[in-house]
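The structure appears right after this line, and notes come after that.
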Amino acid sequence: MKVSVVIPCYNEQDSLPELFERLEAVLAEMKVDYEYIFVDDGSTDRTVAVLRSLRERSPRVGVISFRRNYGKSAALNEGFRAASGDLIVTIDADLQDDPAEIPNLMKRIDAGADLVSGWKTNRQDPISKTLPSRVFNRVTSMVTGVKLHDFNCGFKLYRREVADAITVYGELHRFIPALAAWEGFRVEEIRVRHNRRKYGKSKYGARRFLNGFFDLITTMFVTRRALNPLHFFGRIALALFLVGLAPQIYFLIHWLAGNGLRVRPIMLLGFVLIIVSIQVASIGLLAELISARAARDAVYAFKEYDVRGERAPRAVRSHIA
Ligand code: UDP
Ligand code: MG
């Protein structure tokens with residue numbers, strides 16, 4: 001059993017040495033094989049130098065460094081690809097999460113969970129962040145149907161299959177629990193302690209939450225597991241079309257009955273709705289064509305993959321023994 005610890009770092013030079021010590025203490029206790037994947041997300045401080053010195057100290061340390069700041073999702077995604085463990089821990093570099101909780105997360109994996117996510121119950125952040133975050137979590141939970149309190153906690157433990165099955169970019173890391181749940185994985189949550197930031201600054205402000213809602217829509221479409229574009233746009237188009245058609249039918253009957261016709265406002269509204277409905281349907285169709293292409297490279301999560309013969313899809317080859 002091997003554990004990979006993936007740590008996204010963006011300008012965290014002061015936190016890293018202490019984080020490393022604390023992780024070492026916890027992991028040594030656990031009697032498992034382990035490795036670190038530090039992903040420097042284009043830091044402009046001495047983060048890379050600090051990481052190099054950690055690498056010199058321990059053969060378990062791996063360092064990936066981006067040329068520029070691509071965001072936490074990109075850092076995590078790259079860390080997942082590089083990790084060789086059966087289990088993957090992600091933890092923020094800023095010491096706000098406590099490595100001592102890793103064994104607690106592990107217990108839930110042993111009990112059958114595929115992804116265990118931290119829930120910062122005593123969140124140590126300013127209200128300007130905790131309040132929007134609460135709204136965000138509520139809405140995300142409602143819309144995605146995944147019952148969690150804290151989607152955005154950086155502290156998580158994954159079975160490797162979960163990390164293999166999902167791809168995150170931009171700001172989509174906030175939806176990892178939903179992405180995993182849609183792939184059929186068992187997602188659970190446990191309460192974790194949360195500490196105030198000791199060094200450095202937070203990289204995210206309250207502004208991120210507006211983008212969060214756009215990302216929510218993206219996630220639901222891009223994965224196709226939650227929303228199918230043509231099913232979604234098609235329904236809207238159909239509703240608009242029917243509403244637009246109703247007055248036209250009324251006026252047609254009126255006319256057939258021998259009455260003269262005049263242009264009426266409601267008639268115009270009906271025409272507009274019909275035209276819009278055709279546009280909405282076309283957008284849905286386009287989106288469907290695009291996602292049909294993307295589906296060719298789709299990665300599926302398997303419970304069992306045991307077939308006779310040689311061929312296995314690229315994505316699963318790695319964990320077929
Ligand atoms: N982070 C990153 N790239 C970024 C922003 C943040 O890798 O563009 C890392 C950061 O170094 C930290 C974690 O993501 O380890 C969480 O960031 P932060 O503590 O700033 O977020 P907050 O806890 O304030 O939500
Ligand atoms: Mg933080």
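In each ligand, atom 1 is the first atom listed, and ligand 1 is the first ligand listed.
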[X] versus ligand 1: do any nitrogen or oxygen atoms come within less than 3.5 Å of each other?
X      : answer
Glu12  : yes
Ala93  : yes
Asp94  : yes
Asp125 : no

For this session: Give a yes/no verdict on a cation-pi contact between Arg60 and Tyr34, requiring under 6.0 Å between NZ or CZ and the six-membered ring centre and an angle within 45° of the axis.
Result: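 The answer is yes, since Arg60 meets both limits relative to Tyr34.
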
Exercise. For the residue pair Tyr70 and Tyr169, is the inter-centroid distance of their aromatic rings smaller than 6.0 Å?
Worked result: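 Judged by ring-centre distance (under 6.0 Å), Tyr70 and Tyr169 do not meet the cut-off.
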
For this session: Please state which part of Asn69 comes within less than 4.0 Å of ligand 1, counting heavy atoms only: side chain, backbone, both or neither.
Result: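 For Asn69, only side-chain atoms sit under 4.0 Å from ligand 1.
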
Problem set entry | Ser202 and ligand 1 - part of the residue with a heavy-atom distance under 4.0 Å |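 Answer for Ser202: both.
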
Exercise. In terms of side-chain geometry, is the basic nitrogen of Arg186 or Glu188 positioned less than 4.0 Å from the acidic oxygen of its partner?
Worked result: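 Salt bridge: yes.
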
Exercise. So, are Lys303 and Glu161 salt-bridged, with charged N and O less than 4.0 Å apart?
Worked result: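 The answer is no: the pair does not qualify as a salt bridge.
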
Problem set entry | Atom indices of ligand 1, in the order listed, that fall short of 4.0 Å to a heavy atom of Arg197 |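 Numbered from 1, ligand 1 contributes 18 (P), 19 (O), 20 (O).
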
For this session: Within a distance under 4.0 Å of any heavy atom of Asp92, pick out the atoms of ligand 1 and give their elements.
Result: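 Near Asp92, the atoms of ligand 1 are 13 (C), 15 (O), 16 (C).
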
Exercise. Does atom CD of Glu21 have more than 12 heavy-atom neighbours from other groups under 6.0 Å away?
Worked result: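 Check passes, neighbour count above 12.
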
